Amino acid sequence: MVQTTDVLIVGTGFSGLGMGIQLRKAGREDFIIVEKAADVGGTWRDNTYPGCECDIPSHMYSFSYELNPDWSRHFSGNQEIWDYLRDVSARHHLDEKIHYGVKVTGAEWDDDLHRWTVHTEGGETYDARAVVSGVGALHIPNIPNLPGTETFEGERFHSSEWNHDVDLQGKRVAVIGTGASAVQFTPIIADQADQLTIFQRTPPWVLPKNDKAIPEWQRSFFRSVPPAQRAYRNALYWVLESRAVGFNGQLNILKFAEKIVERYVRKAVDDPALQDKLIPDYRMGCKRILQSNAYYKMFNRDDVTLIDSGVAEITPHGVVDNAGIEHGADVIIYGTGFHVVDALEYLDITGREGKNLGKVFEEDGVETYLGINATGFPNLFFMLGPNTGLGHNSVVFMIEQQAKYITRFLDELDRRGATAADVRPAAQREFNDTIQRKLTKGIWTQGGCTSWYLDSQGKNRTIWPGFTFLYWWDTRKIEAPDYEWVRAA
Ligand code: N01
């Protein structure tokens with residue numbers, strides 16, 4: 001069956017819901033949102049690992065037009081953020097627009113009709129003038145292809161696909177990876193497991209987390225005086241925004257923070273040899289800076305072991321490190337992150353002249369215009385697309401600018417009587433040259449580490465290089481000459 005709509009939105013995380021709300025605000029009711037799962041929520045629905053929470057303050061990690069005075073903590077847990085998204089979706093009656101259980105597999109552009117045909121796993125087809133991808137960058141688990149993996153006789157799962165049926169009490173648990181997720185769940189499962197072995201490839205920089213319950217008086221104050229909450233949020237925005245200064249060339253500022261964390265590690269961890277293993281040898285900020293009050297202290301436990309020689313192979317009964325020592329395990333948990341660029345490539349998208357988006361990205365590099373459009377793919381939009389992720393502030397800010405930009409784009413199409421617009425190659429080139437110039441001065445390439453922020457050529461394809469208000473500035477209006485506006489015959 002073919003369903004026809006003006007705008008097809010894929011996904012119901014912050015991006016997809018934010019897009020739907022923006023269209024509604026603009027009086028555009030002709031849209032459908034498709035969602036592969038049975039509920040809204042994106043990453044906050046899917047990630048249920050113990051201790052899963054946001055490392056951006058709740059009062060910033062929410063829509064500016066849907067402030068929540070009732071956040072219970074400074075940094076909220078996944079359940080509370082998921083509840084917030086469900087509540088926002090219900091308030092905006094988005095349920096009537098969402099088709100659940102529909103997984104998009106690909107899309108093709110018809111350059112005569114100027115319409116996208118979108119294919120789904122279940123066989124339904126959607127016909128749309130515009131397609132908005134709100135699928136997020138971090139949801140395809142990266143599971144290392146280690147020799148012997150299939151022979152393992154215990155349970156194994158990835159942090160984003162936590163198997164809650166596996167009781168860790170009394171078990172020997174091996175965790176591979178020490179990134180943002182592992183730093184959150186390892187201190188909690190250390191209390192359950194009989195023995196926890198953590199395989200670290202690169203140590204993260206972990207700051208103390210200034211988390212606390214938000215007192216009832218503050219919540220009730222924000223409920224009764226909404227402008228006070230807005231002022232608080234604005235202040236938080238500028239505090240977070242100031243971090244961009246250190247990341248973008250003022251690298252010496254970070255040296256000071258490194259000294260503080262180094263002292264913190266040495267105080268928290270008893271064994272000097274272990275302290276040395278836990279202190280990174282690259283610049284802070286090169287990888288995402290993590291926060292936890294429990295992570296370093298956990299290594300003082302007799303039942304927690306840190307292995308920093310890497311993983312060589314998996315055996316039926318455990319994990320072998322690069323020194324050839326086998327560490328017995330009943331359960332292996334991968335805290336090994338996600339395939340990043342593939343998140344856009346896994347959708348089989350064919351644009352003008354039969355060009356495949358994945359192939360274009362593979363051959364020419366992952367380049368877009370404003371992280372939103374890609375040359376050769378008219379009326380296709382990404383939210384949180386390449387180079388619009390953040391290491392220092394809330395991505396919800398970026399999502400809001402993108403939703404407004406896409407809505408303005410549709411208005412501009414209508415105003416011109418056009419049916420499609422394709423970003424001009426020169427405009428896309430200029431955008432990428434400008435941000436790459438800025439990024440080479442930044443901590444991500446100068447900091448002496450590798451990370452998922454960088455592609456195989458060492459180019460940063462994920463992060464927005466600087467203040468987010470500059471992104472607001474760049475997306476505040478449509479630069480019409482940057483696009484080729486056309487009308488179907
Ligand atoms: O993944 P990661 P994550 N053998 O990529 C290691 C967001 N997030 O799921 O550093 C051995 O951070 C890898 O080692 P190395 C946030 O944006 C947000 O934890 O590459 N080890 C690293 O230690 C975050 O950045 C929140 O040397 C291997 C780890 O696995 C992103 O999600 C909370 C390996 C992966 O760390 C991803 O976080 C949680 C291998 N073959 C997550 N492959 C918030 O609070 C990888 N590693 C908002």
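Since the model is a prediction, treat every value here as computed from it, not as a measurement. Every number for a ligand or one of its atoms is a count from 1 in the order of the listing.
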In terms of residue, atom name and distance, what is the protein heavy atom nearest to [atom]?
{"atom": "atom 27 (O) of ligand 1", "value": "Thr202 OG1, 2.4 Å"}
{"atom": "atom 13 (C) of ligand 1", "value": "Arg201 NH2, 4.3 Å"}
{"atom": "atom 19 (O) of ligand 1", "value": "Ser181 N, 2.7 Å"}
{"atom": "atom 36 (O) of ligand 1", "value": "Gly179 CA, 3.3 Å"}
{"atom": "atom 1 (O) of ligand 1", "value": "Gly337 CA, 3.1 Å"}
{"atom": "atom 41 (N) of ligand 1", "value": "Pro144 CB, 3.3 Å"}
{"atom": "atom 6 (C) of ligand 1", "value": "Gly177 CA, 3.7 Å"}
{"atom": "atom 16 (C) of ligand 1", "value": "Arg288 CD, 3.5 Å"}

(message) Looking only at the side chains, is there a donor atom on one of Asp308 and Gln200 sitting less than 3.5 Å from an acceptor on the other?
(response) no

(message) Once rounded to the nearest 0.5 Å, what's the spacing between atom CE of Met19 and atom CG of Leu23?
(response) 4.0 Å

(request) Test Tyr471 against every option in Arg476, Gln401, Gln402 by the side chain to side chain donor-acceptor pair (under 3.5 Å) rule and name the one that passes. (result) Gln402

(message) Taking atom NZ as the centre, does Lys267 end up with more than 12 heavy-atom neighbours from other residues, nucleotides or ligands that are less than 6.0 angstrom away?
(response)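 No, the 6.0 Å shell around NZ holds no more than 12 heavy atoms from other groups.
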
(message) With heavy-atom distances below 4.5 Å as the criterion, would you say the side chains of Arg301 and Leu196 are in contact?
(response)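 In short, these two side chains do not touch, never coming nearer than 4.5 Å.
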
(message) Just so I know, are the side chains of Tyr84 and Glu66 near enough to count as touching, which here means a heavy-atom distance under 4.5 Å?
(response) yes

Counting only nitrogen or oxygen atoms and a 3.5 angstrom limit, does [X] reach ligand 1?
{"X": "Gly335", "value": "yes"}
{"X": "Tyr49", "value": "no"}
{"X": "Trp44", "value": "no"}
{"X": "Ala180", "value": "yes"}
{"X": "Asp55", "value": "yes"}

(request) Determine whether any heavy atom of Ile56 lies closer than 4.0 Å to an atom of ligand 1. (result) no

(request) Take every heavy atom of Lys287, measure it against each atom of ligand 1, and state whether any distance is under 4.0 Å. (result)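 Checking ligand 1 against Lys287, which is what was asked, there is a heavy-atom contact under 4.0 Å.
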
(message) Could you check whether Arg266 pairs with Asp276 (Lys NZ or Arg NE/NH1/NH2 to Asp/Glu carboxylate O, under 4.0 Å)?
(response)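 Judged by the 4.0 Å cut-off on N to carboxylate O distance, Arg266 and Asp276 do form a salt bridge.
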
(request) Have a look at Leu290, Val311, Leu138 and point out the one with the heavy atom closest to atom 31 (C) of ligand 1. (result)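 Ranked by closest heavy atom to atom 31 (C) of ligand 1, first place is Leu138.
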
(message) Going by side-chain contact (heavy atoms from CB on, under 4.5 Å), His339 matches just one of Ile143, Ile140, Leu138. Which one?
(response) Ile140

(request) Could you tell me whether a side-chain N or O of Asp330 sits under 3.5 Å from a main-chain N or O of Arg172, the two making a donor and an acceptor? (result)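 Yes, Asp330 side chain to Arg172 backbone: donor-acceptor pair under 3.5 Å.
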
(request) State whether Phe299 and Lys277 meet the cation-pi test: NZ (Lys) or CZ (Arg) under 6.0 Å from the six-membered ring centroid, and within 45° of the perpendicular axis. (result) no

(message) Distance under 4.0 Å to a non-hydrogen atom of Ile176: what atoms of ligand 1 satisfy this?
(response) 11 (C), 21 (N)

